2 protein chains.
Amino acid sequence: MATVRDVAERAGVSIATVSFVLNNTKPVTPATRDRVESAMAELGYHRNVLARALAARSTRIIALAHPRLDTGFGSEFITSASRAARARARGYHLVLWPVDNDGDEIGELVGQGLVDGVVLMEVLLEDARVDALSAAGTPFALIGRTADPAGFIHVDIDFEQSIAVALDHLQGLGHRPTVAAGRALRLPSRITAVIMMNELATFGVMTERVVPDDLSILYFGTPGLAAIANPQLTLMRAPAAILGGLGVDALIDHLETPGALPAPQLHPCTLEPGASTARPR
Amino acid sequence: MATVRDVAERAGVSIATVSFVLNNTKPVTPATRDRVESAMAELGYHRNVLARALAARSTRIIALAHPRLDTGFGSEFITSASRAARARARGYHLVLWPVDNDGDEIGELVGQGLVDGVVLMEVLLEDARVDALSAAGTPFALIGRTADPAGFIHVDIDFEQSIAVALDHLQGLGHRPTVAAGRALRLPSRITAVIMMNELATFGVMTERVVPDDLSILYFGTPGLAAIANPQLTLMRAPAAILGGLGVDALIDHLETPGALPAPQLHPCTLEPGASTARPR
DNA sequence: CTGAAAGCGCTAACAA
DNA sequence: TTGTTAGCGCTTTCAG
């Protein structure tokens, strides 16, 4: 592997100059820049990211902290995050960190100095990982929200907008809204439609009522379960692929503009028709 | 962040000694080892992986090269790979590389010196990425196989075993085997059951025949599609979660025992009953 | 068994 | 505009 030293020698300049053209950090005459650039091309030079990171105190690596056991969030989330990281002009790397919910593990990992920041998946209302990252002084972005997300970089589902779309769908079918959020143990018989956010509960309800004849169900979540159900559930699909990319983008924005706190990015679910919603009888 | 220097000072030894206990690379008196270890504990010392990597010429980071656009392989694959990497006693990191099928991009990435090896997903029979990695001299493991996999570290689906299970299932229902591999344009009417490996083709067949009354279909692949189909497909599910971990394990084994070439790990699909297979009429 | 010292490949003052 | 040089934090000979 060729090093800056080799390039410098071949171009007849100092290694500092090579670094300057590499990073565009100081003015260099077009002529010398040319010489350096062709030397790099001829040698097939690739800058060693490790050495760069050590010297520059910035690794351009970010971590995606995901649940240790797969919660079935779908590969789109991860691949979109991975693409977003590499897509930037100068390219970040994304490492995967399977971590528990207590903050110890993630604290240990950031202590290793490998990453410039962390994207945290499946954030809880009270989240020890968030505390650990704050304590360590590591920049991070949340996918989801803690109880008090103000002050944290975060991206999440736009629930308000999503609910609006969901209600619109149900009302279009002729259902009338009522306020009954929460976990009612038993569904009053006058209810003609429900919006469900919980897998298990959804299947529970489906055993008690004839869907969609007696009850329409609109399910918020990922398609896996919705597809398997019988009848196939009408789904408000979480924008997984989009959130992954947005989270990474927000974090990188922050890293490159230390002052700024990127505004929260909220993205709605999209309605995917199924057979679990219909006109009320 | 505390450094070896801080630890050495506090323990009253040289930084070399600290390194020796850190890596267990030279004998150290229990007494001094103790002093060093408590110094590390007191300072909350974490070894900087970058500096270690640069000096030791080994990063303990491996890359998972995945298709740039999500092919719906499921998150289990990636999370199991990520867990396998971190699980080892001394912990590897896994970075994600979305790459095209031509070898340029991956060649560029390994040139950066960030990783000790690469796990390659969705390997093709003729694969430019494999050539690029070979040329670069980077250790790698394949998920899948090239036309001639001998000499490459690889893990894959055990097709032989899987087919045996599949045939067993169909014969148990009363179908009789015939040899008709390939892509027959039209299905002879005497055929009572097929094993399908291709999404599109499967749906094509389903529009032409009544399933499972006229034709039983056994589908090899991932559950996403199988679940959505009507009737729900009987599935031979690819062992994604297992292969991810096996691939990483094989690569790390190789990295830590430069001589050895880990034997190919083949793992069969598992049969998941659906409604697309039945007794022939 | 322990320490001194020379790097790993690069960045970034500071000088020239 | 370019070069000299001192690190970044660690590993690893080579002496002692």
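Small disclaimer: the values here were computed from a predicted structure and weren't measured. So you know, we letter chains A, B, ... as the sequences are listed, proteins then strands, and number each from 1.
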Measure the distance from CG on B:Leu114 to P on C:dC10 and round it to the nearest whole Å. 14 Å
For A:Ile15 and D:dG3, what is the distance between atoms CD1 and P respectively, to the nearest whole Å? 11 Å
Taken to the nearest whole Å, CZ/B:Arg47 to P/D:dG9 is 15 Å
Nucleotide of D:dC8, D:dG3, D:dC10 approaching A:Ser14 most closely (side-chain heavy atoms): D:dG3
Check ion pair B:Arg68-B:Glu105 (N to O, under 4.0 angstrom): yes
Pair listing, side chain to side chain donor-acceptor pair (under 3.5 Å) test, anchored in residues 34-43 of chain B, at least two apart: B:Arg10-B:Glu42
Which of these nucleotides, D:dT13, D:dG9, C:dC10, is closest to any side-chain atom of B:Val4? D:dG9
Run the side chain to side chain donor-acceptor pair (under 3.5 Å) check on A:Thr146 and A:Glu126 step by step: do they pass? CA-CA 6 Å; A:Thr146 56; A:Glu126 299 295 329; over 6 Å; no
According to a strict under-4.0 Å criterion, is B:Asn23 in side-chain N/O contact with OP1 or OP2 of D:dT11? yes
Mapping A:Thr32 and A:Arg5 to their closest nucleotides on DNA chain D, which lands nearer the 5' end? A:Thr32
Closest to side chain of B:Ala51, choosing from C:dG3, C:dG9, D:dC10: D:dC10
Reading DNA chain C from 5' onward, which residue's closest nucleotide shows up sooner: A:Ala2 or B:Val28? B:Val28
N or O in side chain of A:Ser19 less than 4.0 angstrom from C:dT11 OP1/OP2: yes
Which nucleotide in the list C:dT11, D:dT1, D:dT11 gets nearest to the side chain of A:Thr29? D:dT1
Identify, between B:Gly12 and B:Ala55, the residue whose nearest nucleotide on DNA chain C lies closer to the 5' end. B:Gly12
State plainly whether the residues B:Glu256 and B:Arg60 are in salt-bridge range, i.e. N to O under 4.0 Å. yes
Derivation of the side-chain contact (heavy atoms from CB on, under 4.5 Å) call for A:Met1 and A:Asn48: CA-CA 9 Å; A:Met1 286 285 94; A:Asn48 182 312; over 6 Å; no
As a test of reading the structure: which of C:dG3, C:dA13, D:dG9 is closest to the side chain of B:Thr3, going by heavy atoms? D:dG9
Between C1' of D:dG7 and CG of B:Leu54, the distance in whole Å: 13 Å
Would you call B:Glu76 and B:Arg237 a salt bridge, using N to O less than 4.0 angstrom? yes
Length of the NZ-P vector between A:Lys26 and C:dA15, whole Å: 12 Å
What does A:Ala16 touch in the nucleic acid at a heavy-atom separation under 4.0 angstrom: a base, only the sugar-phosphate, or nothing? base
Interatomic distance where CE belongs to B:Met40 and C1' belongs to D:dC10 [whole Å]: 14 Å
Please work out if A:Val18 contacts a base, only the sugar-phosphate, or nothing of the nucleic acid, heavy-atom cut-off 4.0 Å. nothing
In whole angstrom, what separates A:Leu22's CG from D:dT2's P? 15 Å
What's the CZ-P distance between B:Arg57 and C:dA6, to the nearest Å? 16 Å
Which nucleotide wins on minimum distance to the side chain of A:Arg52, given the candidates C:dC10, D:dG3, D:dT1? C:dC10
